[in-house]
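The block underneath contains the structure these notes are about, expressed in structure tokens.
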Amino acid sequence: MLLARDLAKRYGDRVALDGVSIEARPGEVVGVLGPNGAGKTTLVSILCGLRRPDRGEARIGGEDPAAAPSARARLGVCPQEVAVYPELTAEQNLRFFGGLFGMRGARLAERSRAVLERVGLADRSREPVQKFSGGMRRRLNLAVAMLHEPAALLLDEPTVGVDPQSRSHLFEEVARLRGEGRAVLYTTHYMEEAERLCDRIVVMDLGKIVAQGTLAEILALGGTARRVTVAFADGGAAPDRAALARAAAPAEVLECGPVSVVLSAADPGALLPALLGHLHAAGHAVAGVEVERRTLESVFLKLTGRRLRDE
Amino acid sequence: MTGFLAILRKNRDLFLSDPKGLFLTFLMPVVIASLAGAAFSGMGGGEEGGNGESEARKVPLLVVDEDATPASRKLVDRLAKAKGIEVQVPEGGLAAARDAIRLGKRPAALVIPKGTGEALERGLFAAAFSGRKPKLALLVDPSRQMETGMLRGVLFQEVMAAAAGDLFSAEGGRRMMRTSLEDVEKAGDLLTEEKAQLREAFGLGLQFMERLGDAAPRVRGEGAPGGGPAGAGGMPQPFEIAEEAVTAGGRSNPFQGYSNFAHAFAGMGVMFLLFGVLDGGLLLIRERARGTLARIVASPTPASALLLGEAVWLVGMGVLQLAVMLAVAHLPFFGVRVQGSWAGLALIAVATSAAGAGFGLAIAAFFRTEKAAQGAAILVILVMSALGGSWWPLFITPKPMQDMASWTITKWAVGGLEGALWRGWSLAEIAPSAGILAGMAALLGGIAWARFKFE
Ligand SMILES: Nc1ncnc2c1ncn2[C@@H]1O[C@H](COP(=O)(O)OP(=O)(O)OP(=O)(O)O)[C@@H](O)[C@H]1O
Ligand SMILES: [Mg+2]
């Protein structure tokens, strides 16, 4: 449904995209994860026909969105920056954008009501958007994208600045869009979103794809070993390192001290019973166990040497 | 089509969302035009143009010599040599002169009717006392009071000199004394006592002339009084210049239609129309900055529909704005009337708005930020308004400025509107101005289309 093939785009000397290929099939949510400047918005703008790539091609349902109005008609876009008329009411905005997609009359009115309902703005529909809060504007921004029931959606960081409750509301919407068989390209730099929402994830950095696949496939790229930390209650001596290593094998002991021990294990599930049994038998009072969760964050760090977020 | 209509409706919604816009679009122009019209009306009343510029520039005077006698030709030659005016002879005679004034191309025409030469030869005194004065006609454009005031002064001097000139040439003098004597005898409105005195005076004059022979000095007309309708030294003026304002009202109703308000409403109407389309241009730039333009581009509605929709919107708003202006001008207080073709008025209003729309779109195509666009465009609008006659009548400006004015939208728009209002132009007479505006609209629109960046 949504297809980017070997896209390249530069702004002057700056490379924004370099050989990016992505596909989203009907009923599939593809997450594009990348830090600021990775090229996500550039990718979206090419896919919606706003910009032309220097190389490669964009296709919506097999057609070039820059050339074929019918391709654009099948596409709903939620831009990263809120793009609505602040002077107009939510309803007037929807009426205008619906008109651009050839909608009118009863269908337009009915669809406007439906999407406003979905994003929780039904009771504010007759207020000028400039009286909305930032999060409410974002929700309207998304409503515009869904208005004409497009077969494919490009959602460019739709949840930035949206409160947690509205955000999980939006997640439900995305899940519902997938359930309706729509193809969704969802860009974000939030790990949780990509992990929670997306069937497939494309990790981008500096205009290039650094990894792609299902969540599990990508996590696997982060390496097999995970850190397991066991903390002790106060007052004990440090365990015997050699004994610990024998008991924990094949896991590796990284640290061994009076407060905690740290190990690296490929299979923490198999390690834990033996490890805890050994520590208990040696008379150490265990206060807590922490198993490192494999995250996209850590994968990204491993793949690029940089953190995903600037903060 | 749905997309195109959506764009128009969106602009309407945006326009109505801002009450300030309503005020600026409709109320402000009316207020300013009223003030300008009232301010200029204080300038009327045939004062002489004390303005250095209008004196430095020769005022063209059309001369229609219907008499075509040696004496009338002499008068024309005299006028041709006079300072400050430039005598031009219209090809098509009186009708052409009348049209030239009505179309605003010339400020005035002097008509020398049949019999003028004879009356001139009859002489100064005869003319003064017999009532058989040379009767000249001056057709004027009532909106060009500075120029016509100046012309009046020069004409008075020169005609006076022409009438007096022959008195002092020996041949003409003798003849004049004789005809004067005859006239005195025939004159019915003189008392017997006066007749006797004049008879004596002309008799002495005749003797004097005959003795003088060909050695008589030529006296030039320099000393003749200038300005004012009264003749010299208490003597009745020896000639008449009947003035006729050439407007749509024609001879029967000379000043009908012209008022300073007609000019003010046309001039200010066009200037505020340009400010209105500037807002339209700024809106497009704002659309780009806000990302709504990207949304429009990403929709199946083609980009051409967007620009076309904006253009149609701007033309419609321009026409509406001019209509409101003219409706207010039509109120009894202002008394501006449409003396020309209504179809022509509609044509010039649409053409003006189209040129304005082209201007607005070109602004949006040339500037990326509202601030830059606003600064530059306001300057252009003010310069066009000053050059093109929105603020003051074009003719009071120096020649180089008038030449530049042809490049402005305002000149053709204000000129065309005034034509349709008080000058009483026909559709065909308005068409050239409308055509030039349409050309400007096409050029500016084309540039906008070629340059406009949708990203
Ligand atoms: N209009 C533009 N002109 C010049 N350079 C641009 C333009 N838009 C983007 N870039 C550059 O292209 C690169 C990719 O930008 P892009 O907006 O696609 O990143 P992004 O992944 O969407 O980032 P973010 O998470 O901050 O939204 C960046 O280096 C950016 O500076
Ligand atoms: Mg972005």
Side-chain angles (χ1 to χ4, degrees), chain A residues 11 41-42 44-52 60 63 65-89 91-105 107-108 127-130 137 141 144-145 147-148 150 153-154 156, chain B residues 1-25 276 279-313 317 364 368-370 452-455:
Chain A
Y11 301 104
T41 299
T42 303
V44 167
S45 69
I46 291 172
L47 280 170
C48 73
L50 186 59
R51 292 183 201 279
R52 290 185 183 267
I60 308 295
E63 291 177 302
S70 54
R72 298 197 293 273
R74 264 174 264 160
L75 193 62
V77 186
C78 175
Q80 179 173 4
E81 307 290 343
V82 175
V84 295
Y85 297 94
E87 302 92 339
L88 301 187
T89 66
E91 215 169 42
Q92 285 173 325
N93 268 292
L94 289 172
R95 194 170 60 172
F96 170 58
F97 291 114
L100 290 182
F101 282 85
M103 301 170 74
R104 56 184 163 170
R107 166 148 189 264
L108 179 54
E127 257 178 67
V129 172
Q130 55 202 0
R137 290 179 204 194
N141 203 33
V144 174
L147 180 66
H148 59 290
L153 287 107
L154 300 170
D156 196 359
Chain B
M1 195 59 199
T2 315
F4 174 76
L5 292 177
I7 284 164
L8 292 182
R9 199 169 43 202
K10 178 258 312 178
N11 282 352
R12 182 202 63 195
D13 291 345
L14 281 174
F15 181 73
L16 293 178
S17 75
D18 182 14
K20 260 204 321 265
L22 281 170
F23 169 77
L24 286 176
T25 310
D279 263 358
L282 295 182
L283 175 67
L284 263 179
I285 296 176
R286 206 173 312 143
E287 298 243 19
R288 189 158 43 207
R290 277 177 180 170
T292 46
L293 182 62
R295 275 217 134 111
I296 296 170
V297 174
S299 81
T301 295
S304 54
L306 169 71
L307 284 188
L308 199 65
E310 294 294 339
V312 168
W313 167 258
M317 282 303 287
R368 300 293 287 188
T369 70
E370 272 190 76
F452 193 78
K453 299 218 169 45
F454 288 93
E455 286 182 7

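First the proteins, then the strands, lettered A, B, ... as listed; each starts at 1.
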Rounded to the nearest 0.5 Å, how far apart are CG of A:N93 and OG1 of B:T292? 9.0 Å
As a quick check of understanding, evaluate side chain to side chain contact (heavy atoms under 4.5 Å, CB included) for A:E87 and B:D18, giving each step before the final call. CA-CA 8 Å; A:E87 302 92 339; B:D18 182 14; over 6 Å; no
Given that the side chain runs from C-beta out, which part of A:E81 has a heavy atom under 4.5 Å from chain B: side chain, backbone, both or neither? neither
Give a yes or no on whether B:R12 atom CZ has more than 12 heavy-atom contacts from other residues, nucleotides or ligands under 6.0 Å away. yes
With no hydrogens and no angle check, is any side-chain donor or acceptor of A:H148 less than 3.5 Å from a backbone partner on A:G99? no
What part of A:R95 lies closer than 4.5 angstrom to a heavy atom of chain B: side chain, backbone, both or neither? both
Sort by residue number and list every residue of residues 282-290 of chain B having at least one heavy atom under 4.5 Å from chain A. B:R286, B:E287, B:R290
Counting heavy-atom pairs under 4.5 Å to chain B, which of A:Y85, A:F97, A:F101 comes out on top? A:Y85
Residue, of A:P69, A:G76, A:A145, A:S70, that accumulates the most heavy atom pairs under 4.5 Å with chain B: A:P69
Pairs of heavy atoms under 4.5 Å with chain B: top-ranked of A:V144, A:L100, A:V84: A:L100
Does atom CZ of A:R107 have more than 12 heavy-atom neighbours from other groups under 6.0 Å away? yes
Give a yes or no answer on whether the side chain of A:R72 reaches the backbone of A:G49 with a donor-acceptor pair at less than 3.5 Å. no
Evaluate A:T42 against A:Y11 for side chain to side chain contact (heavy atoms under 4.5 Å, CB included), listing each step before the verdict. CA-CA 10 Å; A:T42 303; A:Y11 301 104; 3.2 Å; yes
Evaluation steps, side chain to side chain contact (heavy atoms under 4.5 Å, CB included), between B:L293 and B:F454: CA-CA 7 Å; B:L293 182 62; B:F454 288 93; 4.2 Å; yes
Do B:N11 and B:E310 come close enough that some side-chain heavy atom pair is under 4.5 Å? yes
Quick one, A:L88 with A:V129, criterion side chain to side chain contact (heavy atoms under 4.5 Å, CB included). Give me CA distance, side-chain angles, the key distance, then yes/no. CA-CA 6 Å; A:L88 301 187; A:V129 172; 5.8 Å; no
For chain B, find which of A:P79, A:P128, A:A71, A:G98 contributes the most heavy-atom pairs closer than 4.5 angstrom. A:P79
Counting heavy-atom pairs closer than 4.5 Å to chain A, which one of B:A298, B:S17, B:A305 comes out on top? B:A298
With respect to chain A, which residue among B:I7, B:L306, B:I296, B:D13 yields the maximal number of heavy-atom pairs within a distance under 4.5 Å? B:D13
